[in-house]
Structures are given as C-alpha cells and as structure tokens.
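Shown next, in structure tokens, is the structure this report addresses.
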Amino acid sequence: LQEARAQVDRLGCAMLGQTPEIAPADKRLYALRDVTATVESIPLIAASIMSKKLAGGANAVILDVKVGRGSFMKSRERAAELARTMVEIGTNAGVRTKAILTDMDSPLGIAVGNAVEVREAIEVLAGKWQGSRLRDLCVQLSARAIHLSGKATSLKDGLNVANEMIDSGAALAKLGELIKAQGGEEGVCQNPNLLPVSRATYEVKSTSSGFVKSIDAEKIGRIAVDMGAGRLRKSDTIDPTVGIVFYVGVGDKVSGRDILAEFEHNNSPRCSEFERAIIAAFEFSDTSVEVRPIIFEEIG
C-alpha cells in the first residue's frame, strides 16, 4: 500500500486490486457469498465494490454500471438500484460519488479477449477509433471524473480536457509511465505488436443480409471464455492471445458472405464450432437500426 501511494504521488495513477492491506475482509466475504447463494445480493455487491474504493482513499469516485445481456445486471431497474446504493454509501462516507448506467447489450468495442482488448485500448489512446463507442464512453467517464475532482469547472470543460489528453498524446504517454511503474514493458504503447499474438486467425462470414440489430454480448463473452480467454474455474489457465475482433457493429448493413468478425486462436480444432456460435450471436433486421446511446442515466 505504501508503494502504491508513492506511485500515485509520483505519477498521479496506479492500478490496484484487493490485497491483505486493502479491504481485507472483502475476499473472505466474497467466498462466503459464493457458497451461500448471495452473489446477486445488491447490498453485498455494493459493499464489496465501495469498500475497496473507500479504502483506496479516493475523494471522488465514478462508477460505470453496465446494463444488459453482457453485464451482471440484466435489467435497468436492478442496475439503477445498485448504482443508487453505491452512490449513497460513497456520499455518506464523505466522498463525491457518481454512477453512470451504460449499455452492455452488445460488445462495447471491436475486441473481446485479453491482448486484443489491450491493443484496442492502446489504439484509442493513440487517437484511433474516432467516433467509436469505446472512445466516446472513455472520454465521457474521464470528463466526469475530471469535473467531479475539481480539475474542470464544468462537464463541457472536462470533455475538452479528456479529448485534448488523447489528441496531444499525453494520455498514451501516461499509460506508458503506469505500465513501466508496475513492471511492464512501456514500449507496447508505441508498438502494440509486442503483445502476445495467436498462431492463427479465422474469418467468420455472414449467412444473412440486412442491418445488424444486435450482437449478444453474453453469448460472445461465453464464446471467448470457451476459447480460453477467461476462466470457468479458478484453476483454469487463461490464454492471453485468443479473442474475437469484430468487423461490423450494431446498425451496420451487411450483405451475405461479408466478414462479421475474425477470431484469433492457437490451431484450435473447434473453429467451425466457434464460427457457428459467433454467427448465432448476431441478429439482423430488414430495416435500418437506430443505435442506442451508450449512456442511459446518471445517478448522483
């Protein structure tokens, strides 16, 4: 904890998880919730999340609460209840706290996996993906944090600061400092190809025509886990190289045999199975589709 505090003083940022020094009871409580069928208890979820935020010493907290098929909270009502509970906890503790309900029915960015998601994040900070939902949400959340912490006089000013940090290269440079400080290879920010890569790729082509109505984020997440990008059990090994990269998103027009996505694998014998599952996650419409806003509601 002392090392983390020193890093924040030096760089202004750190990535931390729960440790024996930070909210030590949380790990035991989570294990207890797992065996008592209380994982979905909103008070216990809120306590788990906010205990770590408050123990970290933040004086302003922005919470991105996902809503939809790809999130833990499937309904907007449940997500709003969780958000209000966490905001109340933070406010009662004297911490400026705001929660944002955001859409997670379909994948947020173009990548699902480990290295592929890190690569996309680096590209966003490098100025790529202008106008994408991922960049938009990152900027919107950053702007609210900047405003809430008193570094901007209004949300509009916060948005200007966040965009300027990306456009000037300062955000990417800060990521490099953060990676180096925590034992990683900072050169990955200039060369994302330093990230681990799979041995093979497989194109998934459409069997339908029309406008993409939805891409089921939960199905896609389960496919990625099945490929090795996540764990079903604590003992499972994660393969950082596998993942899915999308060529189209919700609202895009697709003709038969257009490429929907590409997945990265390590000579898997299950390519046809993964292909069918990815195609099944897509839903099409004969008429144009209106893309929903990424932010549903602000609480706090």
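A distance of 6.0 Å separates CG of L175 from CG of L125, quoted to the nearest 0.5 Å. Rounding to the nearest 0.5 Å gives a distance of 11.0 Å between SG of C138 and CG of N163. Here E298 contributes atom CD and I62 contributes atom CD1; the two are 8.5 Å apart, rounded to the nearest 0.5 Å. To the nearest 0.5 Å, atoms NZ (K205) and CD1 (I278) are separated by 14.5 Å. In this structure, CZ on R69 lies 9.0 Å from CD on E218, to the nearest 0.5 angstrom. The OG1 atom of T85 lies 6.0 Å from the CD1 atom of I42; values are rounded to the nearest 0.5 Å.
Counting heavy atoms of neighbouring residues, nucleotides and ligands inside a 6.0 Å radius, atom CZ of R10 exceeds 12 of them. When the shell of 6.0 Å around NZ of K74 is examined, it contains more than 12 heavy atoms from other residues, nucleotides or ligands. Counting heavy-atom neighbours within 6.0 Å of E273 CD, excluding the residue itself, gives a total above 12. Other residues, nucleotides and ligands contribute more than 12 heavy atoms inside 6.0 Å of the CZ atom of R33. The 12-atom threshold is not exceeded at CD of E88, counting heavy atoms of other residues, nucleotides or ligands nearer than 6.0 Å. Heavy-atom contacts from other residues, nucleotides or ligands closer than 6.0 Å to CG of D286 number 12 or fewer.
Taking a cutoff of 4.0 Å between a charged side-chain nitrogen and a carboxylate oxygen, R135 and D167 qualify as a salt bridge. Residues D136 and R133 are not paired through a salt bridge, judged by the lack of any N-O separation under 4.0 Å between the basic side chain and the carboxylate.
Looking only at atom types and distance, the side chain of D258 has no donor-acceptor partner in the side chain of S206 under 3.5 Å away. With no hydrogens or angles considered, no side-chain donor-acceptor pair links Q2 and E21 at under 3.5 Å.
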Stepwise side chain to side chain contact (heavy atoms under 4.5 Å, CB included) check, V197 with R119 | CA-CA 11 Å; V197 295; R119 186 179 297 118; 3.6 Å; yes
Start with the C-alpha gap between L141 and L137, add the side-chain angles, then the distance that decides, and say whether side chain to side chain contact (heavy atoms under 4.5 Å, CB included) holds.
-> CA-CA 6 Å; L141 291 170; L137 181 58; 3.8 Å; yes
Test log, rule side chain to side chain contact (heavy atoms under 4.5 Å, CB included), inputs K53 and L63 | CA-CA 10 Å; K53 303 292 184 288; L63 299 157; 4.3 Å; yes
Check against salt bridge (charged side-chain N to carboxylate O under 4.0 Å, His left out), K174 and E177 = CA-CA 5 Å; K174 182 59 68 176; E177 292 178 15; 3.1 Å; yes
Full working for side chain to side chain contact (heavy atoms under 4.5 Å, CB included) between I299 and V65 | CA-CA 10 Å; I299 295 173; V65 182; over 6 Å; no
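Using a 4.5 Å cut-off between side-chain heavy atoms of Ile, Leu, Val, Met, Phe, Trp and Tyr, with links allowed through other members, V8 and I146 fall into different hydrophobic clusters. Linking Ile, Leu, Val, Met, Phe, Trp and Tyr whenever their side-chain heavy atoms come within less than 4.5 Å puts V112 and I279 in one cluster. In terms of hydrophobic clustering, with Ile, Leu, Val, Met, Phe, Trp and Tyr side chains grouped at heavy-atom distances under 4.5 Å, I223 and M104 are assigned to different clusters. Hydrophobic clustering of Ile, Leu, Val, Met, Phe, Trp and Tyr side chains at less than 4.5 Å, counting indirect connections, unites V245 with W129. Under the 4.5 Å side-chain contact rule for hydrophobic residues, L195 and L172 share a cluster.
Qualifying ring-ring contact (aromatic ring centres under 6.0 Å, His included) partners for F211, counting only residues two or more places apart in sequence or in other chains: none.
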